[in-house]
Amino acid sequence: MESTRVDRWLWAVRLTKTRPDAAAACRGGHVRINDRPAKPATVVVPGDQVRARVGDTTKVVEVVRVIQKRVGAADAATCFIDRTPAPPPDAAAPVARRERGAGRPTKRERRVLDRFRTGDH
């Protein structure tokens, strides 16, 4: 049965940029295997579900193939199935912008902007 360390696998399939980054994520509690906290040396096998917080997003992947060495992006994509849930749709709130070079807002414009920001329409 094939298996490898989770920090090595995360780096090999390009979920983290470096292996030390993957190990740090494990030590920081940002990696879970089958809903259990994972240390860098935790073994990962095909069929495991790996949840890793990478940057600002949390990736949920299912291990399909275990690899030891870092491979090309196309080959790495075949080693896991991305089960990350779709992000919730953002309520696209309009952003208050002023034209470049318009100067400082007048007192009236500032009041309008403050009302807009606090939601008191």
**Item:** Contact check, side chains of Lys39 and Val6, non-hydrogen atoms, under 4.5 Å
**Value:** no
**Message:** Nearest 0.5 Å, please: how far is SG in Cys79 from CD in Glu62?
**Reply:** 13.0 Å
**Asked** Side chains of Val50 and Val63: does their closest heavy-atom pair fall under 4.5 Å?
**Response** yes
**Request:** Grab the two heavy atoms, one from Arg65 and one from Thr78, that are nearest each other, plus how far apart they are.
**Result:** NH2-OG1, 2.9 Å
**Prompt:** Between Arg5 and Val44, does a side-chain contact (heavy atoms from CB on, under 4.5 Å) hold up when you go through it step by step?
**Reply:** CA-CA 6 Å; Arg5 295 169 54 112; Val44 67; over 6 Å; no
**Message:** Side-chain heavy atoms nearer than 4.5 Å, only ILVMFWY residues, links allowed to pass through others: does that put Ile67 and Trp11 together?
**Reply:** no
Identify every side-chain donor-acceptor pair in residues 53-60 under 3.5 Å, counting partners at least two apart or on other chains, and give the distances.
| residue | atom | partner | partner atom | Å |
| --- | --- | --- | --- | --- |
| Arg53 | NH2 | His30 | ND1 | 3.2 |
| Thr57 | OG1 | Val54 | O | 3.2 |

**Request:** Please round to the nearest 0.5 Å and tell me the distance separating atom CZ of Arg8 and atom OG1 of Thr16.
**Result:** 13.0 Å
**Item:** Distance, nearest 0.5 Å, that separates CZ of Arg32 from OG1 of Thr42
**Value:** 11.5 Å
**Prompt:** Judged by atom type as modelled, is there a donor-acceptor pair below 3.5 Å linking the side chain of Asp48 to the main-chain atoms of Val45?
**Reply:** yes
**Item:** Val43 vs Thr4, side-chain contact (heavy atoms from CB on, under 4.5 Å): CA-CA, chis, key distance, verdict
**Value:** CA-CA 5 Å; Val43 176; Thr4 189; over 6 Å; no
**Request:** Enter the distance from Arg19:CZ to Trp9:CH2 here, rounded to the nearest 0.5 Å.
**Result:** 14.5 Å
**Gln68 side chain to Ser3 backbone, donor-acceptor under 3.5 Å** = yes
**Complete:** For Ala73 and Arg14, the nearest pair of non-hydrogen atoms, with its separation, is N-NE, 3.6 Å
**Prompt:** So how far is it from Arg111 CZ to Lys107 NZ, rounded to the nearest 0.5 Å?
**Reply:** 4.5 Å
**Prompt:** Distance from Leu10 atom CG to Phe80 atom CZ, nearest 0.5 Å?
**Reply:** 10.0 Å
**Asked** For Pro105, which residues count as a side-chain contact (heavy atoms from CB on, under 4.5 Å) partner, sequence neighbours excluded?
**Response** Arg98, Glu109
**Complete:** Residues Pro40 and Ala23: closest non-hydrogen pair is CG-O, 3.7 Å
